[in-house]
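One structure below.
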Amino acid sequence: KIKEEDNKRKVLATPVARKLARDLNIDINTIKGTGPVGRVMKEDIYREEEKRNEKESKAE
Amino acid sequence: MQFDVIIIGGGPGGYTAAIYAAKQKMKVALIEKEKIGGTCLNVGCIPTKALIHSSDLYREIKDSDKFGITSKDVEINWGEIQKNKNSIVDNLTNGVKGLLRQNKVQVFEGTGKIIGRNSVSILNNSVKTTIEGENIIIASGSVPIDIRIPGSELEEVGSSTKALSYEKIPKSLAIIGGGVIGVEMAYIYNTLGSKVTILEMLPKILGRMDSESSNTLKQTLESQGIDIYTEARALSIEKNRELAKVKFETKTGVQEISVEKVLVSVGRKPNLDVIGKLDIKISKKGIIIDDYLRTNIPNIYAIGDVTGKLMLAHVASHQGITAVKNIIGERTRMNYNVVPSCIYTNPEMASVGLTEEEAKEKYNDEIIISVFPFGYNGKSMTIGETNGFVKIIADKKYSGIIGVHIVGPHATELIAEAALAIQLECTVEELIETIHAHPTLSEAILEAALGIDDEAIHIFKSRK
Amino acid sequence: MQFDVIIIGGGPGGYTAAIYAAKQKMKVALIEKEKIGGTCLNVGCIPTKALIHSSDLYREIKDSDKFGITSKDVEINWGEIQKNKNSIVDNLTNGVKGLLRQNKVQVFEGTGKIIGRNSVSILNNSVKTTIEGENIIIASGSVPIDIRIPGSELEEVGSSTKALSYEKIPKSLAIIGGGVIGVEMAYIYNTLGSKVTILEMLPKILGRMDSESSNTLKQTLESQGIDIYTEARALSIEKNRELAKVKFETKTGVQEISVEKVLVSVGRKPNLDVIGKLDIKISKKGIIIDDYLRTNIPNIYAIGDVTGKLMLAHVASHQGITAVKNIIGERTRMNYNVVPSCIYTNPEMASVGLTEEEAKEKYNDEIIISVFPFGYNGKSMTIGETNGFVKIIADKKYSGIIGVHIVGPHATELIAEAALAIQLECTVEELIETIHAHPTLSEAILEAALGIDDEAIHIFKSRK
Ligand SMILES: Cc1cc2nc3c(=O)[nH]c(=O)nc-3n(C[C@H](O)[C@H](O)[C@H](O)COP(=O)(O)OP(=O)(O)OC[C@H]3O[C@@H](n4cnc5c(N)ncnc54)[C@H](O)[C@@H]3O)c2cc1C
Ligand SMILES: Cc1cc2nc3c(=O)[nH]c(=O)nc-3n(C[C@H](O)[C@H](O)[C@H](O)COP(=O)(O)OP(=O)(O)OC[C@H]3O[C@@H](n4cnc5c(N)ncnc54)[C@H](O)[C@@H]3O)c2cc1C
């Protein structure tokens, strides 16, 4: 039950990071934040995008 | 339709909505029966703060010797204080009138009444006009509640509006009602030399506020010379030669005081005449609205004091902007959980989020509290204002900040950071990671945050 | 090992690190050769702000008539101003000494020198002690840079330390160097009656600050009577009877002024003696550290002015806490992007994040700027301080707030909200959704945010 509650708490992310994630089609819930207490910062989204781009270029 | 939106009432709710709507390219009518600016600019927030500034100055000047600035014959010129207050009010209301003009808001003088879903009649000196609008926003505000006790009709008795413009500083003043307005008025007149007595019906002044904070403020005000009676019910007022004799009952029995003036500040009630015969739902508090500021009639909105939510100017103006956003289809919900509330006494007091009592209940005691006193803050010491504290309440599980209460210098400005913190669901850790400039009063917020984990620097053990 | 950590230097960097480390249950040694509290408490932040408070009071009292408070014979008692300043400094430094004691930090008086990776020698009146520690934090701070021009050794010439304690208020004062310290000193002495001249080598005073902001401040200071020469190089100082004649060169040629005192505030340099013979890497600015505050020797950290990053007390203390966190294994990076910087003149000035110039460059002109003047803010009007503005810089794409610059009343407190906004990557929309109390100065921040989309309420068109 406790676990369920934990999951209910929406991921802590900065406002800019949220917008950025929406824009880049990244599911913010899958990102591990590097801000204090794990808040997802814009840098984290940029990093994720880079990772994704790398993967894509490899796939090609 | 003549107008996209008709707004009834030109207070901070109404004029903000009008200007904001005009900036969204709407055709806007604004109806005001008395003075543009409403309670807030004319007989509320602004004039009180002007009087408070003069009071603060007087206190500071009398106290300036210890900072090496001496002066003689420090005197209060009540006429000048009033003139200054009035000219600030005029400047501001003229400014708002100018803005309405520049934004091409059509302003109607007169009393508005809704006569149909899209029609409002305006009565001005027995001339009646009717205008039509797609939407209507009711922003008719509130008026002081009278008390019904014998003698309340006496010349010496009056509301805050009267008290803002007493012909002279009363030697003695009884204030019935220890809410924000009563307490600010008490601070003003006590500082300027009146003997002030507050009579509050409830067990504490400033009812809804965090108890520790309001207690601290109460004690300070008492130490400044204000007499405060709680659980005190005013029974009657009688003429007693030049004075008014106020009888009141406390737990210990009936007492009386004789004073030059009696200020009644027991609350405000919504201005509902505007509704006319339309079937708009109301409660005891005011017009009933949903989170989108809509009344039960979909194209009629209500904002500000008339909705009886939180009777604060910044709530009215925020509701005004939110109502317009909803009218233009930007669905936006009004959230009342993060509303700062301020008291401009000395020390000041400001709160946002949950009080300790509310937090305990809502979080089942799963909260952490940390208090940092301004006495340990460097900037406080340099300005000689070391009274008060910052109190942060966080939830235990995520250390999210859920309440901040400040008693102390510039509390009313410091609260802005706290409001943003709660709005952004900031955690204690993030507040700590945010560098606070030295030397500032805002460092007390940082230290209170550090205190949550017992890591405040400038105090050995934080009260928790 | 005797100690978990040895800290050299008892300024805001060192003492904060010491107390924080002690609260983490570490065994801590703190070495100080002069006075606990360092530059900041003894001859920096605190004493300047005490003098500024007295100056502010003098200005306010002279101006209080218009608020209806009159007084006669307003006088400056320099002796009392100094006494008050010194007693505030004593209170604060004694407070810190008490905290060190309560937290069981072992304080050593004397000059520390690192003699090995784990060893520090302490020299006190020719007695030498050596102590050993697992980790070392260098927090030895900085000292004023001298200028090398003829006459700089004269009695009349000195640093800010001297200027904090002039035996009397000089009739005239030349300040070489228009950085924060020079400008604050100029404000103090000009307000207290000196004829003040600032000579700045660069094309603008307050070099790193947002240009629009520093220009506004410059103009205000000039209107208060301060003479400011930019692109002005001091050439020499000569004794001229009771005065010092300062020769300086500007674009228009060589000029000279004769003044009672000359204050040299051209910057500060790191105290590097402490390194001894150890191979600790330094640059021109100071000890080189990584984001975790480590020098090239893994168990030796450096914090504060000696690292030459941003010479500010709150940077030093934040570095101190961060260094300790890293020592105990809580890997935490120091971030210098969100550091508020403050100038306590009247109007005050405070900045955080990118300046307009930096933002333009970093974001390739993809930024939006909005400026809201305090002249349109209700609270400013009630306190009679309508000079200045709030400027918000946001990135165009996500409207994230990236820089805030405030010139105006209580700017140094208002900046706290802005710092939190940038730290939490807040967008303009979220700042707007945050209700700001009325009437407060912080509403100017809200209005500047509204101005980003041309939706400020109390101004017709925001400067953008
Ligand atoms: C002494 C005092 C001090 C205060 N201090 C503060 C403070 O510091 N901070 C704060 O946030 N709040 C303060 N308040 C409260 C604040 O003034 C109100 O919350 C605020 O004014 C509400 O705004 P409003 O627009 O809803 O209504 P109002 O300001 O009351 O404006 C309503 C307007 O509508 C007009 N009107 C009413 N009916 C009609 C009609 N039928 N036709 C045309 N016009 C009509 C009225 O004439 C009035 O001008 C104070 C109040 C008082 C009395
Ligand atoms: C006039 C003035 C006004 C200022 N105002 C502000 C302001 O308003 N806000 C702000 O943020 N900053 C201000 N500053 C800057 C601020 O004072 C410094 O940034 C801050 O003091 C740096 O802290 P620190 O701990 O690194 O060094 P310091 O405060 O310089 O402390 C270093 C300490 O180390 C001691 N020490 C040095 N070497 C040794 C050794 N070998 N052994 C033992 N002890 C040693 C020194 O005696 C000193 O006490 C001001 C500075 C000045 C001069």
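Only heavy atoms go into these numbers, but all of them, side chains included; no hydrogens, no water, no symmetry mates. From a predicted model like this one, the values you see are computed outputs, not experimental measurements.
In the displayed structure, B/Lys72 atom NZ is contacted under 6.0 Å by at most 12 heavy atoms of other residues, nucleotides or ligands. Counting heavy atoms of neighbouring residues, nucleotides and ligands inside a 6.0 Å radius, atom NZ of B/Lys25 does not exceed 12 of them.
With a 4.5 Å cut-off on side-chain heavy atoms, C/Leu420 and B/Leu431 count as touching. Within the 4.5 Å cutoff, the side chain of B/Thr382 has heavy atoms near those of the C/Ile46 side chain. Taking the side chain as every heavy atom from C-beta outward, B/His438 and C/Leu312 never approach each other to under 4.5 Å. Looking at B/Met334 and C/Ile435, their side chains come closer than 4.5 Å, going by heavy atoms from C-beta outward.
In terms of heavy-atom pairs under 4.5 Å with chain B, the best-connected choice from C/Tyr344, C/Tyr15, C/Tyr376 is C/Tyr344. Comparing C/Ile459, C/Ile52, C/Val89 by heavy-atom pairs within less than 4.5 Å of chain B, the highest count is held by C/Ile459. For the options B/Thr16, B/Thr70, B/Ile422, heavy-atom pairs under 4.5 Å to chain C are most numerous at B/Thr70. Between chain C and the residues B/Cys45, B/Pro439, B/Ala313, B/Ala50, the most heavy-atom pairs under 4.5 angstrom are made by B/Pro439. Among C/Glu80, C/Lys461, C/Glu75, the residue making the largest number of heavy-atom pairs under 4.5 Å with chain B is C/Glu75. For chain B, the option among C/Glu433, C/Lys66, C/His436 with the highest count of heavy-atom pairs below 4.5 Å is C/Glu433. Note on B/Lys83, B/Gln24, B/Glu443, B/Gln82: by heavy-atom pairs under 4.5 Å with chain C, the leading option is B/Gln24. Counting heavy-atom pairs closer than 4.5 Å to chain B, the top-ranked of the candidates C/Leu450, C/Ile457, C/Ile19 is C/Ile457. Here B/Leu424 is the residue among B/Val338, B/Asp65, B/Ile415, B/Leu424 with the most heavy-atom pairs under 4.5 Å with chain C. Interface check for chain C: of the options B/Leu57, B/Ile383, B/Asn77, B/Thr412, the most heavy-atom pairs under 4.5 Å are formed by B/Ile383. Interface summary for chain C: among B/Ser54, B/Ser64, B/Pro47, the most heavy-atom pairs under 4.5 angstrom belong to B/Ser54.
Of the two parts of B/Thr332, only the side chain, counted from C-beta on, holds a non-hydrogen atom closer than 4.5 Å to a non-hydrogen atom of chain C. Looking at B/Val74, the atoms closer than 4.5 Å to chain C (heavy atoms on both sides) sit in the backbone and in the side chain alike. The contact between C/Leu99 and chain B is made entirely by side chain atoms (from C-beta outward), counting heavy-atom distances below 4.5 Å. When heavy atoms are compared at a cutoff of 4.5 Å, C/Asp56 does not approach chain B at all. For a residue to count as touching a neighbouring chain, one of its non-hydrogen atoms must lie under 4.5 Å from one of that chain's; by this rule C/Asn91 touches chain B with backbone and side chain alike. Looking at B/Ala421, both its backbone and its side chain come within 4.5 Å of chain C, counting heavy atoms on both sides. Residue contact with chain B, scored on non-hydrogen atoms closer than 4.5 Å, involves the side chain of C/Ile321 exclusively.
Shortest non-hydrogen contact noted between B/Pro340 and C/Ala437 is CG-N, 3.6 Å. When every heavy atom of B/Ile88 is checked against every heavy atom of C/Met381, the shortest pair comes out as CD1-O, 3.6 Å. Annotation for C/Lys23 and B/Asp454: closest pair CD-O, 3.2 Å, computed over non-hydrogen atoms. The nearest pair of heavy atoms linking B/Leu441 to C/Glu413 is N-OE2, 2.7 Å. Considering every non-hydrogen atom in both B/Ile81 and C/Phe67, the closest pair reads CG1-O, 3.3 Å. Closest of all the heavy-atom pairs between C/Asn103 and B/Phe460 is OD1-CE1, 3.4 Å.
Side chain of C/Ser71 to backbone of B/Asp73: no donor-acceptor contact under 3.5 angstrom is found. Between the side chain of C/Lys49 and the backbone N or O of B/Lys379 there is no donor-acceptor pair closer than 3.5 Å. With hydrogens and angles disregarded, no donor-acceptor distance shorter than 3.5 Å links the side chain of C/Thr434 to the backbone of B/Gln423.
To the nearest 0.5 angstrom, B/Ser442 atom OG is 10.0 Å from C/Leu414 atom CG. Atom CD1 of residue B/Ile69 and atom CZ of residue C/Arg59 lie 11.0 Å apart, to the nearest 0.5 angstrom. C/Ile61 contributes atom CD1, which lies 13.0 Å from atom NZ of B/Lys62 (distance to the nearest 0.5 angstrom).
Between B/His410 and C/His410, the two ring planes are tilted [angle within 30° to 60°].
Using a 4.0 Å cut-off between charged nitrogen and carboxylate oxygen, B/Lys325 and C/Glu455 do not count as a salt-bridge pair.
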